[in-house]
Amino acid sequence: MLCSVQTAKSGSNWLDRLRSNKGIPTGDDLDLDSFLLTAHSHSPRARPNNPPRARPSEAHDRPMSTVLAELFNMGATLTKTSKKCPRKQTNPKIFIPSSSSAAAAPSREAAVPEEEEAVADRGEEEGNELKGFTKSEVTVIDTSCPGWKVDKLVFRKNNVWKVRERKPKSKRKSNSTLDVNEVETSK
Amino acid sequence: MAPFQKKSKKTKKKKTKKFKKHKQVSLVPVEPKTSETDWWDSFWHKNSTAPGYSVPGDEAEGFKYFFRVSKTTFEYICSLVREDLISRPPSGLINIEGRLLSVEKQVAIALRRLASGESQVSVGAAFGVGQSTVSQVTWRFIEALEERAKHHLNWPDSNRMQEIKHGFEASYGLPNCCAAIDATHIMMTLPAVQTSNDWCDEEKNYSMLLQGIVDHELRFIDIMTGLPGGMTFSRLLKCSAFFKLSENGERLNGSVKTLGGDDIREYVVGGYSYPLLPWLMTPYETNNISVSQSNFNHKHGAARLLAVRAFSLLKGSWRILSKVMWRPDKRKLPSIILTCCLLHNIIIDCGDSLHSDVALSGHHDSGYKEQCCKQVDPSGRTMRDNLAKHLQQEHN
C-alpha cells in the first residue's frame with residue numbers, strides 16, 4: 001500500500017500528495033465547489049491516486065503520524081502496527097525502605113538470573129520489577145567469598161540497587177541472590 | 001617401540017602443561033643468572049638522578065623509594081610469582097637483545113607501575129622496555145600474585161583474633177574490638193561509549209569502591225571491591241559476604257566478654273557512613289551527648305582511624321589507586337586493587353618499614369563528604385550504651 005502510494009505520488013508536490021491522500025482533487029484546474037458538494041459520495045474520480053484499501057474504515061481514522069509517514073517517506077517503522085510497551089508497571093509492588101536491621105537483611109529469592117537474556121525471560125513480575133533499572137556487569141572480589149571472584153549484575157534506579165549473581169556458564173538456578181532495596185540519606 | 005614412545009609423550013604433554021612450557025622456555029636463551037641483578041644497576045644509574053624525583057642517596061632507601069619494598073621483601077615477592085612469570089614467556093617479554101626478561105625485572109616493572117601510577121610509557125622508559133611490555137608484565141604479575149599471595153589476606157583464626165583484640169584494647173581501651181572498617185573510591189575515566197551513570201558517584205566522578213576491614217596493625221583482613229562508586233558505603237557493606245556472615249552469626253562470633261553484668265560481643269568499629277548494628281559500632285551523633293558518650297566517641301574515633309590510615313597508606317604506597325585511572329578494564333580493575341592490598345599486607349608481614357611521607361598527606365577519600373547512615377538497630381544501640389558505660393567506669 002505504501003509503495004503504491006509512493007509510486008503514484010512521484011512527480012507531485014507535498015500539497016498534491018496531501019490532497020490526494022485525503023481524496024481531494026489535485027492539479028491546476030480545481031473545482032473545489034463541486035468536490036465539496038459531492039464529498040460524501042466517495043466518487044472514484046475524487047481520489048485518482050489512491051488504490052483500493054484493504055481496510056477502508058481505517059483511512060479516515062488514521063493517526064497523523066501515519067499520514068505524515070506516508071507523505072514524507074519516513075519508513076514503515078512508524079506504521080501503527082508496532083506495539084507500544086506499557087510505560088508503567090502492570091502490577092506495581094509496594095516499596096518499603098528499610099529502616100531496621102531486619103528489613104535490611106538480605107532477602108532470598110528462589111530464582112536467580114543467570115545471563116543478561118535470562119533476566120528478561122524471568123517472567124512479567126521480574127521484568128516489571130527491573131523496569132527503569134540500568135544494568136551493569138561487574139566482577140566483584142570479596143575475600144570472604146569462596147574463590148574470591150564473583151561475576152555479578154548490578155541494577156540501579158536512583159538510590160535503589162539490586163545486586164545479583166551472574167553465572168554465565170551454568171543454566172541451573174541457585175538460591176544465592178542478594179536483593180536488597182534501600183534508600184539512604186547522604187549528609 | 002617408537003610408536004609407543006610417541007604415545008606416552010602425548011599423554012604426558014596433556015598432564016604436565018607447565019612442563020611443556022618450561023621446554024619452550026629453553027628454546028630461547030635465558031639471561032644468565034648473574035644478569036638478574038643487572039636490571040637494578042642500570043635502573044638505579046638511569047633513574048636515581050632523574051629530574052622530578054627526590055630519590056634518597058642511599059641505595060637501599062632508593063630501592064624502597066621506587067618499589068615500596070625492601071630488597072629482601074622484593075626477593076620474597078619474586079619467589080611467590082617466579083613459577084608463573086618464568087613459565088609463560090610470550091614473545092612480547094623478550095628484551096631488545098632477544099633474551100627473556102628476568103623474573104626480577106618483571107616484578108620490578110610491575111611494582112613500579114603500581115607504586116608510581118605513572119603511565120606505562122614512562123615506566124617502560126625507566127626500564128628500557130616498551131609500553132606493551134609494561135602492560136603485559138604488570139597484568140601477568142597481578143594474575144600471579146592474586147593467586148599466590150592469598151594467604152596474606154584472610155580472616156584471622158581465633159588465636160590471631162585474640163592478639164588483635166588485645167591490641168585494640170591495649171591501644172584504645174575497647175574490649176572485644178576485632179577490626180575497623182572503612183571504604184574508599186578508586187577513580188577512573190571511562191570511554192565515551194561505556195559512560196554509564198551506574199559508575200558515576202555523588203561527586204560526579206566515575207569510581208569503583210573498595211571496602212576494607214583492618215586489624216590493629218593496619219593489615220587488611222577482609223576486602224571487597226568491584227562495585228560502582230555511586231553506592232553508599234552502607235549499601236556496599238550489605239552487598240559483602242562479611243555482612244552476610246556477621247548477620248548470620250558465622251563471623252564475629254567469638255567469646256563474649258561480661259563487663260559489669262553486661263555482655264560485650266565481638267564487633268568492628270566504623271564511621272557515620274555505617275549502620276549501628278550489634279556487631280558494628282558507630283559513633284554517637286555529636287549533638288547533646290553525655291560525657292560517657294563523648295568518651296566513647298573519642299576512643300572509638302581513635303580505633304576507627306586505623307582504617308583511615310590503612311587506606312591512606314595503601315593509596316599513597318600504590319599511587320595507581322590514588323590517581324584517576326585512564327579507562328581501565330572494569331573487570332581487571334578489582335584485581336589491580338586486590339594486588340595492591342596484598343602488597344600492603346606483604347610489606348607489614350615482612351616487617352618492612354615504610355617512609356612516613358609515602359602515605360597520602362590528605363584523607364584517602366578527599367573530595368568526598370562523609371555519608372550518614374541513619375539506620376540504628378536496637379540491640380546495637382544497647383551494645384554501644386553498654387560499651388560507653390564500661391569505658392566511663394574505666395575512665396573514672
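Residue numbering restarts at 1 for every chain, and letters A, B, ... go by the order of the sequence lines.
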**Fill in**
chain B shares the most heavy-atom pairs under 4.5 Å, among A:I141, A:V138, A:V150, with A:I141
**Message:** Could you walk me through whether A:D142 and B:S240 satisfy the side-chain hydrogen bond (donor to acceptor under 3.5 Å, both in side chains) test, starting with their C-alpha distance in whole Å, then the side-chain angles of each, then the deciding distance to 0.1 Å, before giving a yes or no?
**Reply:** CA-CA 7 Å; A:D142 188 335; B:S240 67; 5.1 Å; no
**Prompt:** Does the side chain of B:E146 come under 3.5 Å of the side chain of B:S335 through a donor N or O and an acceptor N or O?
**Reply:** yes
**Request:** Return the minimal non-hydrogen interatomic distance between B:A180 and B:L306, and the atom names on each side.
**Result:** CB-CB, 4.5 Å
**Item:** Toward chain A, the part of B:P334 with a non-hydrogen atom under 4.5 Å
**Value:** both
**Message:** Counting only non-hydrogen atoms closer than 4.5 Å, does B:K150 touch chain A with its backbone (N, CA, C, O), its side chain (CB onward), both, or neither?
**Reply:** both
**Prompt:** Contact part of B:L338 toward chain A, heavy-atom cut-off under 4.5 Å: side chain, backbone, both or neither?
**Reply:** side chain
**Fill in**
Honestly, the part of B:L153 sitting under 4.5 Å from a heavy atom of chain A is both
**Item:** Residue part contacting chain A, namely of B:M231, when any heavy atom lies under 4.5 Å
**Value:** both
**Item:** More than 12 heavy atoms from other groups under 6.0 Å of CG on B:D157
**Value:** yes
**Message:** Do B:P275 and B:D377 make a side-chain contact, defined as non-hydrogen atoms from C-beta onward lying under 4.5 Å apart?
**Reply:** no
